Participant: 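Here you go, one structure.
It should be emphasised that the depicted structure is a prediction, and the values quoted were computed from it without experimental measurement.
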Amino acid sequence: MIINTLVAMTAGFLLSFFFGTPKIISARTYIEKLCRHLAPTISSKYQETEDGQHNAGMVYITVLMLILLVPTALILILLYIFLPALGIIVDALLCWSLLDIKNLVTLSKDASRAAKTSNSRRADKRLNRLFGRKYKELSGEEIVKASIQGIADRTVDSIAAPLLYMFLLSSVGGLFFAAADAAANLNYGSEENSLSFAEPVRVLQNGLCFLPGKLAAYLMLADALWLKLNTRAAERVYKKDSKKCARPCFGGCRAVMAGLLGISLMPEEVYSEQFMRTVTIGEQLKEPEHSDLNTARTLMIGTAAILLIMLFMVKLTIGVWV
């Protein structure tokens with residue numbers, strides 16, 4: 001079973017890396033549709049109070065996981081018991097549907113071209129997909145900073161986290177993370193009750209991203225050593241700025257990339273002890289250049305490759321000894 005899931009995870013990664021993930025089989029597309037339907041349905045059944053909506057949020061994430069994980073796990077278990085070859089194929093296709101590494105590489109290349117030509121309109125579209133938020137009227141330098149920030153974040157939640165949970169539970173683990181991540185990224189609005197509804201799933205999302213975020217940052221440093229980049233500066237920025245992030249799980253990769261490239265990233269508003277402050281990760285040792293995006297993309301791909309090889313070797317060792 002361990003070797004079978006290893007084959008499925010590796011096949012899913014390679015398919016995603018070389019061919020991308022067609023939208024028609026993208027699991028995240030269907031998860032997001034389910035979330036948009038399920039969230040208002042469950043929210044409306046509870047009182048419009050902070051406690052009521054918090055309980056609704058707990059029920060929401062529980063129901064979402066039951067709908068997605070129980071049937072998938074049962075199907076895969078039965079296939080692996082009675083039709084192992086078909087089980088590997090289905091498992092690999094599910095892993096493929098949960099990753100989209102080639103698309104991330106393409107978006108980062110488009111952002112690089114937009115930065116080179118200072119095309120803010122084109123950059124805004126790419127950054128909205130890459131970073132998950134909209135920027136408008138950015139200068140070429142700001143496009144580079146925002147794009148690098150987005151590449152660092154996607155290294156964590158679109159590569160490291162899915163791979164780590166696939167390593168633990170194959171495609172079921174990847175589906176578990178993808179469901180939590182997609183549900184947490186929905187826009188529930190800024191009203192107090194909406195925030196209470198979203199709180200449980202966002203706590204789960206940050207908890208699931210914590211370990212992948214740390215692991216990705218350390219592996220990125222290892223990749224930087226191979227590329228002969230300035231790892232001392234990256235270590236210094238990591239120690240100083242890795243916690244300066246609204247989502248701490250992203251802080252490590254952001255700090256490492258900023259330190260390696262010798263730049264500062266986009267300012268971000270962070271709430272701490274009921275106070276809001278604006279923080280910036282990195283040190284502005286030079287002007288950001290569009291070529292920095294090529295380095296950031298190389299670091300993302302290298303981190304993904306090192307992580308896959310590491311997980312492959314660990315799982316292979318376990319499978320051989322067990």
Side-chain angles (χ1 to χ4, degrees), residues 27-28 31-70 73 98 131-133 149-150 152-169 172-217 241-255 268-277 279 281:
R28 292 192 69 105
I31 292 171
E32 287 170 1
K33 288 181 180 179
L34 176 60
C35 290
R36 291 192 187 97
H37 173 75
L38 199 60
T41 302
I42 293 178
S43 177
S44 64
K45 297 184 181 298
Y46 286 78
Q47 293 182 345
E48 291 293 329
T49 62
E50 186 175 343
D51 289 341
Q53 288 303 299
H54 185 272
N55 291 335
M58 296 287 288
V59 172
Y60 164 59
I61 189 60
T62 302
V63 172
L64 179 64
M65 293 303 177
L66 288 174
I67 291 173
L68 292 172
L69 301 185
V70 173
L98 293 163
F131 191 53
R133 59 184 290 186
Q149 199 160 303
D153 293 353
R154 298 294 80 79
T155 302
V156 176
D157 65 6
S158 296
I159 297 176
L163 277 177
L164 182 60
Y165 292 106
M166 286 177 190
F167 165 77
L168 296 173
L169 293 170
V172 176
L175 187 62
F176 173 63
F177 173 78
D181 192 52
N185 288 337
L186 281 182
N187 181 15
Y188 295 98
S190 57
E191 296 179 3
E192 184 177 348
N193 289 341
S194 296
L195 292 175
S196 298
F197 179 80
E199 183 183 6
V201 69
R202 287 178 178 162
V203 169
L204 177 61
Q205 179 196 40
N206 286 329
L208 292 174
C209 277
F210 178 78
L211 182 57
K214 291 286 187 182
L215 184 59
D241 293 344
S242 62
K243 295 182 181 179
K244 294 180 180 179
C245 189
R247 288 188 60 189
C249 58
F250 290 156
C253 276
R254 288 187 187 184
E268 184 179 29
E269 294 180 347
V270 176
Y271 292 86
S272 177
E273 298 178 356
Q274 299 181 343
F275 293 98
M276 184 187 72
R277 56 195 179 102
V279 299
I281 291 177

Participant: The test is side-chain hydrogen bond (donor to acceptor under 3.5 Å, both in side chains); show your working for D157 and Q205 and say whether it passes.
Facilitator: CA-CA 10 Å; D157 65 6; Q205 179 196 40; 5.7 Å; no
Participant: As an exercise, state the distance from CG of L163 to OG of S158, rounded to the nearest 0.5 Å.
Facilitator: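 If we round to the nearest 0.5 Å, L163:CG and S158:OG are 10.5 Å apart.
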Participant: With heavy-atom distances below 4.5 Å as the criterion, would you say the side chains of L68 and L34 are in contact?
Facilitator: yes
Participant: Quick one: CD on E268 to CZ on R247, what's the gap to the nearest 0.5 Å?
Facilitator: 10.5 Å
Participant: Between S43 and Q53, is a side-chain hydrogen bond (donor to acceptor under 3.5 Å, both in side chains) present by the stated rule, with each step listed?
Facilitator: CA-CA 6 Å; S43 177; Q53 288 303 299; 2.6 Å; yes
Participant: How long is the gap from CG on L215 to OG1 on T155, to the nearest 0.5 Å?
Facilitator: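 If we round to the nearest 0.5 Å, L215:CG and T155:OG1 are 12.0 Å apart.
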Participant: Looking only at heavy atoms, what is the nearest atom pair of Y46 and G52, with distance?
Facilitator: CB-O, 3.5 Å
Participant: Give me the atom names and distance for the closest heavy-atom approach of A180 to M65.
Facilitator: N-CE, 3.7 Å
Participant: What's the spacing between L164 CG and I159 CD1 if we round to 0.5 Å?
Facilitator: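 With rounding to 0.5 Å, CG (L164) is 13.5 Å from CD1 (I159).
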Participant: So which heavy atom on A216 is nearest to which on C253, and how close?
Facilitator: CB-SG, 3.6 Å
Participant: Measuring from H37:NE2 to I42:CD1, what's the distance to the nearest 0.5 Å?
Facilitator: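 With rounding to 0.5 Å, NE2 (H37) is 9.5 Å from CD1 (I42).
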Participant: If you measure from CG on N206 to CG on D181, what distance do you get to the nearest 0.5 Å?
Facilitator: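 The CG atom of D181 is 9.5 Å from CG of N206, to the nearest 0.5 Å.
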Participant: Closest heavy-atom contact between M58 and P200?
Facilitator: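 In terms of heavy atoms, the two residues are closest at SD-CB, 3.6 Å.
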Participant: Any idea which heavy atoms bring L98 and L175 closest together, and the distance?
Facilitator: CD1-N, 3.5 Å
Participant: Could you tell me whether D241 and R254 have a side-chain N and a carboxylate O separated by less than 4.0 Å?
Facilitator: no
Participant: Look at the aromatic rings of Y165 and F177 and report parallel, tilted or perpendicular, splitting at 30° and 60°.
Facilitator: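 Rings of Y165 and F177: parallel, under 30°.
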Participant: What residues form a ring pair (Phe, Tyr, Trp, His ring centres under 6.0 Å) with Y60, not counting sequence neighbours?
Facilitator: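 Y60 satisfies ring pair (Phe, Tyr, Trp, His ring centres under 6.0 Å) with F197 once adjacent residues are dropped.
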Participant: Are the side chains of M166 and F176 in contact, using a 4.5 Å heavy-atom criterion?
Facilitator: no
Participant: Which pair of non-hydrogen atoms, one from L64 and one from C35, has the smallest distance, and what is that distance?
Facilitator: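 Scanning both residues completely, I find the closest heavy atoms to be CD2-SG, 3.8 Å.
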